[in-house]
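Okay, so here's the structure we're looking at.
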Amino acid sequence: MQFSEIKTLEDTFQLATYKKMDIAVERGEGSWVWTSDGEKYLDLYGGHAVCATGHSHPHVVKAIMEQAEKVLFYSNLVYSEIRGKAAEKMVSVAPSSLTQAFFCNSGTEANENAMRMARMATGREKIVSFTGGFHGRTADSISATFLGKYREIGRPNVPHHVEAEFGSIESLKAIIDDETAGVIIEPIQSMAGVREAKPDFFQELRNVCDKHGAVLIFDEVQTGIGRTGNWFFAGSELAGGTEPDIITLAKSLGSGAPVGACIVNERVSSKIKLNDLGTTFGGGMLAMAAVLATLEAIEQDGMIENARAVEQHLRDVLIDVDGVVSVRGKGCLLGIEFAGHCGPMHAKLLENKIITGTSSDAKVLRLLPPLCVAKSEIDMFAAIL
Ligand SMILES: Cc1ncc(COP(=O)(O)O)c(C=O)c1O
């Protein structure tokens with residue numbers, strides 16, 4: 001099909017909820033995608049931080065195909081070897097205090113369940129989140145999203161959500177109390193323009209939560225699964241070694257197969273009883289095959305080390321590029337700050353067949369490439385810049 005026909009088809013039969021780039025992706029391999037017109041694009045956006053292992057990684061594709069031939073799905077009412085192995089592998093790469101998994105289908109659902117667990121574990125209702133964090137579009141998650149118009153879109157909001165200033169422990173101390181069930185934080189605020197906080201902020205955050213008996217939730221939907229050059233932000237040097245009570249995940253976890261998860265510590269798991277949480281599709285075999293193969297591929301191909309090397313390389317090459325004010329972020333979650341609006345840069349890069357992302361900070365261009373992106377591919381981007 002020609003691009004114009006595809007565009008007409010989608011625009012006619014799909015609600016227009018996204019401003020789309022004028023390309024139709026047909027095929028992908030590594031850091032590259034091919035369009036319906038046969039053009040090749042360098043994908044430094046990774047399908048919005050999802051395609052961590054690169055497009056259609058052979059190990060992930062094989063695992064999904066083999067699983068599909070055995071059984072596509074059975075619910076959580078039966079045991080499954082692939083579900084057990086995926087949970088074991090995910091827990092094995094998580095910080096040591098986080099010992100059990102709950103699978104669902106998306107990032108927002110992972111956050112809904114995490115906040116519900118915080119309320120169940122404490123018997124309280126209040127949730128603190130931070131200005132600029134994005135946690136999803138379902139009722140509780142959007143109510144925790146103090147960024148732009150999201151809470152407005154999500155009205156009526158779930159009650160008992162309050163906001164603290166990202167990176168300010170004093171601001172947190174001013175609103176947290178002994179009625180607080182949980183504190184949820186996006187450790188690097190990607191959508192807000194790749195905003196970071198210091199490691200000692202996360203250490204203090206842990207101390208303040210402990211003082212008030214609040215459950216600490218790291219929303220690692222973007223930062224998790226190797227993206228920052230660590231398996232997780234939690235427990236890494238970026239967090240000053242801080243381990244939360246719950247980590248939430250989605251995006252990269254299934255290389256594109258829709259899957260979300262919470263990983264919890266014993267403080268939380270000891271409070272969760274039969275029937276407290278549930279989902280039909282969560283933990284389905286096809287998604288679990290994708291999770292296990294994704295984690296194996298990242299490990300086998302040394303992608304976490306690569307994410308660190310690529311970040312350093314990007315920082316080195318961008319030093320010579322006029323107009324770049326700063327480079328924010330870690331690993332393959334990077335924001336390039338320009339002096340002016342980055343929109344024209346985004347459009348010009350697309351004209352030159354490089355896909356990048358914008359953010360809610362008009363000056364910050366976002367890169368969320370596959371973790372296998374090569375230094376030579378970063379050089380192509382720098383040359384166009
Ligand atoms: C940090 C973060 N949390 C939660 C979400 C929501 O994830 P999903 O779109 O899978 O519901 C996103 C999505 O962009 C995100 O970036």
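Indexing begins at 1, ligand by ligand and atom by atom, following the structure's order. Side chains included, hydrogens not; waters and symmetry mates left out as well; all remaining heavy atoms used. Bear in mind the structure is a predicted one, so any value in this text is a computation, not a measurement.
- Ranking protein heavy atoms by distance to atom 7 (O) of ligand 1, first place goes to G107 CA, 3.3 Å.
- Relative to the six-membered ring of Y41, K353 meets both conditions, a distance below 6.0 Å and an angle of at most 45° to the axis.
- By the 4.0 Å heavy-atom criterion, E220 is excluded from the residues contacting ligand 1.
- Near S106, with a cut-off below 4.0 Å to any heavy atom, the atoms of ligand 1 are 10 (O), 11 (O).
- Of the protein's non-hydrogen atoms, K251 NZ, 3.3 Å is the one closest to atom 13 (C) of ligand 1.
- Near E186, meaning under 4.0 Å from any of its heavy atoms, are these atoms of ligand 1: 1 (C).
- A donor-acceptor pair under 3.5 Å links the side-chain atoms of S360 to the main chain of M191, judged by distance alone.
- In M191, neither the side chain nor the backbone holds a heavy atom less than 4.0 Å from any atom of ligand 1.
- At least one N or O atom of Q222, backbone or side chain, sits closer than 3.5 Å to an N or O atom of ligand 1.
- Checking side-chain atoms of R328 against main-chain N and O of G193 turns up a donor-acceptor pair under 3.5 Å.
- Shown here, atom 9 (O) of ligand 1 is out of close reach of the protein: none of its heavy atoms lies under 4.0 Å off.
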* Decide yes or no on salt bridge (charged side-chain N to carboxylate O under 4.0 Å, His left out) for E196 and K330, but give the supporting numbers first. => CA-CA 9 Å; E196 297 171 272; K330 284 285 173 298; 3.6 Å; yes

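- S252 places a side-chain N or O within 3.5 Å of a backbone atom of A49 that can act as its donor or acceptor partner.
- D301 places no side-chain N or O within 3.5 Å of a backbone atom of M303 that could act as its donor or acceptor partner.
- Here's the thing with E109: none of its N/O atoms is less than 3.5 angstrom from an N/O atom of ligand 1.
- Atom CE of M115 is separated from atom CG of N113 by 9.5 Å, given to the nearest 0.5 angstrom.
- The six-membered or imidazole ring of F232 lies away from that of F218, with a centre-to-centre distance of 6.0 Å or more.
- Among protein heavy atoms, atom 3 (N) of ligand 1 sits closest to D219 OD2, 2.8 Å.
- For V221, no nitrogen or oxygen atom sits less than 3.5 Å from a nitrogen or oxygen atom of ligand 1, counting backbone and side chain alike.
- Each of the following atoms of ligand 1 lies closer than 4.0 Å to a heavy atom of N111: 3 (N), 4 (C).
- Ligand 1 is never approached by R137 to a heavy-atom distance shorter than 4.0 Å.
- In T108, the parts holding a heavy atom less than 4.0 Å from any atom of ligand 1 are both the side chain and the backbone.
- The two residues E112 and A139 have their closest heavy-atom pair at OE2-N, 3.4 Å.
- In terms of modelled atom types and a separation under 3.5 Å, the side chain of D177 and the main chain of E179 share a donor-acceptor contact.
- Note: no N/O pair closer than 3.5 Å links H135 and ligand 1 by distance alone.
- Checked by distance only, ligand 1 and F134 come closer than 3.5 Å through their nitrogen or oxygen atoms.
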